[in-house]
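Keep in mind it's a predicted model, so treat the numbers as computed, not measured.
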Amino acid sequence: MRRSAATGGILQMTVYAIAQLKMTDRAAYDRYQARFFDVFKKYNGLLLAADEHPRVLEGAWPHDKLVMMSFPDEAAFLAFSNSPEYADISRDRKAGAQATVLLPRGSVKIPRVWSLETPPPDDRRQRR
């Protein structure tokens, strides 16, 4: 979370866009991909992962590609996804792949993970 001068100091939270893609027309998707970064870089997005062979640890995954991006806040993501530039290139993405796109928000509190070496401060166990 961060405070933004653009929003009068209101706290803003990072959002993540997760796309699961099933290719239907690789040539169309490749056209989209070739133009994607020129549009993406204008909207303060960060590409976290793009993997055509993610390791599936549990369950079935009937997709061909996973893409994870982050944006400073939901407004930045919506500015990107609703922009005329993205609308233009997304025609090839829609022609080239079926997509499920998720937009989870970041966590307000990140819990601290404790280990045996560094127990929580209120740990009353006797150390030996």
Quiz item: Closest approach of F71 and A17, non-hydrogen atoms and distance?
Solution: CE1-CB, 4.5 Å

Quiz item: If you look at every heavy atom in S90 and A87, which pair is closest and at what distance?
Solution: OG-O, 3.1 Å

Exercise. Please answer whether the main-chain N or O of M23 pairs with a side-chain N or O of D64 as donor and acceptor at a distance below 3.5 Å.
Key: yes

Quiz item: Tell me, do E85 and Y43 make a side-chain contact under 4.5 Å, heavy atoms counted?
Solution: yes

Quiz item: Can you list the steps and then say if D92 with D25 is a side chain to side chain contact (heavy atoms under 4.5 Å, CB included)?
Solution: CA-CA 9 Å; D92 280 330; D25 179 345; over 6 Å; no

Quiz item: About how many Å separate NZ of K41 and CZ of F80, when rounded to the nearest 0.5 Å?
Solution: 13.0 Å

Quiz item: Can you check whether R93 reaches Y86 side chain to side chain, under 4.5 Å on heavy atoms?
Solution: yes

Quiz item: Would you call Q33 and R26 a side-chain contact if the rule is heavy atoms closer than 4.5 Å?
Solution: yes

Practice problem: Let me see the working for V15 and M13 under side chain to side chain contact (heavy atoms under 4.5 Å, CB included), right down to the final yes or no. | Solution: CA-CA 6 Å; V15 295; M13 189 177 302; 5.8 Å; no

Quiz item: Would you say the side-chain atoms of T24 pair up with the backbone N or O of G96, donor to acceptor, closer than 3.5 Å?
Solution: yes

Self-check item: Rounded distance [0.5 Å steps], OH in Y16 versus CG in L102
Solution: 14.5 Å

Self-check item: CG on L66 to OG1 on T100, rounded to 0.5 Å
Solution: 11.0 Å

Quiz item: Is the number of heavy atoms from other residues, nucleotides or ligands within 6.0 Å of NZ (K94) greater than 12?
Solution: no

Exercise. Please indicate whether Q98 has more than 12 foreign heavy atoms, meaning atoms of other residues, nucleotides or ligands, lying under 6.0 Å from its CD.
Key: no

Quiz item: If you measure from NE2 on H53 to NZ on K65, what distance do you get to the nearest 0.5 Å?
Solution: 10.0 Å

Quiz item: Do the side chains of L48 and L46 get nearer than 4.5 Å, heavy atoms only?
Solution: yes

Quiz item: If you measure from NE2 on H63 to CG on L21, what distance do you get to the nearest 0.5 Å?
Solution: 8.5 Å

Quiz item: Are Y29 and F36 close enough that their ring centres sit under 6.0 Å apart?
Solution: no

Quiz item: Cluster question for you: counting only ILVMFWY and a side-chain heavy-atom cut-off of under 4.5 Å, with indirect links fine, are F37 and V39 together?
Solution: yes

Exercise. Nearest 0.5 Å please: distance from the CZ atom of R35 over to the CG atom of D88.
Key: 4.5 Å

Quiz item: Side-chain heavy atoms under 4.5 angstrom apart, residues restricted to Ile, Leu, Val, Met, Phe, Trp, Tyr: same cluster for L78 and V67?
Solution: yes

Practice problem: Is it possible for you to say whether V101 and W61 belong to one hydrophobic cluster, with membership spreading through side-chain heavy-atom contacts below 4.5 Å? | Solution: no

